[in-house]
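First comes the structure, then the notes that go with it.
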There are 2 protein chains.
Amino acid sequence: MDQDIEIKSVLPDFELDAFLPYVLAEAAQKLSRDLAAIYRDCGLSTPQWRVMVHLFYSGQVSVRDIERRVSMEKSKVSRAAARLETAGLVEKRADPADGRLVALSLTDQGRALMARLLPRALEYQRQLEGLLGPDLNGFRHALTRLLNSEKTA
Amino acid sequence: MDQDIEIKSVLPDFELDAFLPYVLAEAAQKLSRDLAAIYRDCGLSTPQWRVMVHLFYSGQVSVRDIERRVSMEKSKVSRAAARLETAGLVEKRADPADGRLVALSLTDQGRALMARLLPRALEYQRQLEGLLGPDLNGFRHALTRLLNSEKTA
DNA sequence: AATCTTTTGTTGCATGCGCAACGATGTCAA
DNA sequence: TTGACATCGTTGCGCATGCAACAAAAGATT
């Protein structure tokens, strides 16, 4: 009891709303949810969406490339790619130079789908940028600094 | 092929590193992971940690209160609370006024644990604030604006 | 060449999550 | 009071996820 009051007086300003990891997680969840509304109608999950985006701009890539680039586990990428192949959006071939690698690439159907979805995603991005206004640059700067920071905890 | 070039020329600046939902998700994941290093040694999961924090500052609360306040599903809160009770950190009683409600509160052991963990969490928070420096206020402002924005997508 | 190590992608397994259904309790109206 | 409806918390179920183990292939070392 006394312990309570003492500790709370020592830690008065610890509010979840002011705690950066919490607020950041909430904001990220909201943006991800709003964005997912764009591609979920097409039956894409978030991992599948990320693979599609990466493939659209990278052409022919392996699972390992996506893993490193988009910070997704191998298994996550593998399963997403398998379903995308079943859906006819992605083609999986064996890399002729290295038998271990799988060459992932979009099919025509996959490209057509992205041509339909990407403009909507970009429109959402522009909405967010307009919403942030003058704080946008500082916001981006802060995010990159957080991402590149060492974990000193 | 021609379609590719055409679309890419129309959507040239769509890079994942510049796409706010993606970067925000990455940053949130990193901060959450670094913070989890503080309380994971004590056997707490992230949902359990959030329940503990809320209980520490809110005293006696119901599952529904936590659900609304911390944006966690009922089931998530319920299972977290059940495990916390098993671990002896949280006490579950029936609300005398309303039989449906469950009165959650920290045990002495739970309070002692939080008294040990919260200073470390606050130190991490101060590290983040120091890292952001002058961008901190704009960063906070941007986050709240994103959280309060309507989903117009 | 032969063997050992490393890398790549898939799969099994245990765990956690979201959603819906459910029992229990409370509220309201007739 | 009774019955219809709402609310709260738990649980079952399907699914995704992270981790480790694994087979196949490539590379390194002798």
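Throughout, protein chains are lettered first and strands after them, A, B, ... in sequence-line order, and every chain is numbered starting at 1. Here the structure is a predicted model, which is why all the values come from computation and not from measurement.
Within residues 78-88 of chain A, the residues having any heavy atom under 4.0 Å from DNA chain C are, by residue number, A/Ser78, A/Arg79. Listed by residue number, A/Ser62, A/Val63, A/Arg64, A/Arg68 are the residues of residues 60-70 of chain A with a heavy-atom contact under 4.0 Å to DNA chain C. Within residues 90-102 of chain B, the residues approaching DNA chain D are B/Lys92, B/Arg100, B/Leu101, B/Val102, by heavy-atom distance under 4.0 Å.
Under the side chain to side chain contact (heavy atoms under 4.5 Å, CB included) criterion, A/Ser45 pairs with A/Pro47, A/Gln48, not counting sequence neighbours. When the salt bridge (charged side-chain N to carboxylate O under 4.0 Å, His left out) test is applied to A/Glu123, no partner is found at least two apart in sequence or on another chain. Under the salt bridge (charged side-chain N to carboxylate O under 4.0 Å, His left out) criterion, A/Asp65 pairs with no residue at all, not counting sequence neighbours. The ring-ring contact (aromatic ring centres under 6.0 Å, His included) search around A/Tyr39 returns A/Trp49, not counting sequence neighbours. Remark: B/Glu73 engages B/Ser75, B/Lys76 in a side chain to side chain contact (heavy atoms under 4.5 Å, CB included) (not counting sequence neighbours).
Judged purely by atom type and a 3.5 angstrom limit, B/Ser58 uses its side chain to pair as donor or acceptor with the backbone of B/His54.
Atom CZ in A/Arg33 sits about 11 Å away from atom P in C/dG18, given to the nearest Å. Separating the NZ atom of A/Lys74 from the C1' atom of C/dT7 is a distance of 8 Å, rounded to the nearest angstrom. The interatomic distance linking A/Gln29 (CD) with C/dC17 (P) rounds to 12 Å, in whole Å.
Residue pairs satisfying the salt bridge (charged side-chain N to carboxylate O under 4.0 Å, His left out) criterion with at least one member in residues 51-63 of chain B, sequence neighbours excluded, are absent. Among residues at least two apart or in separate chains, salt bridge (charged side-chain N to carboxylate O under 4.0 Å, His left out) pairs with a member in residues 132-146 of chain B are A/Asp135-B/Arg145, A/Arg145-B/Asp135, B/Glu129-B/Arg140. Applying the salt bridge (charged side-chain N to carboxylate O under 4.0 Å, His left out) test to pairs two or more places apart or on separate chains, those with a residue in residues 38-60 of chain B are A/Glu26-B/Arg50.
Side-chain contact check for A/Leu117 versus A/Cys42: some heavy-atom pair is nearer than 4.5 Å.
In summary, contact between chain A and DNA chain D, defined as any nucleotide atom under 4.0 Å from a heavy atom of the protein, begins and ends at D/dA16 to D/dA26 in the 5' to 3' direction.
Contact record, A/Ser149 with B/Leu131: CB-CD2, 3.4 Å, taken as the closest heavy-atom pair. Smallest separation of non-hydrogen atoms from A/Phe19 and B/Leu35: CE2-CD2, 3.4 Å. Considering all non-hydrogen atoms of both residues, B/Leu143 and A/Ala27 come closest at CD2-CB, 3.7 Å.
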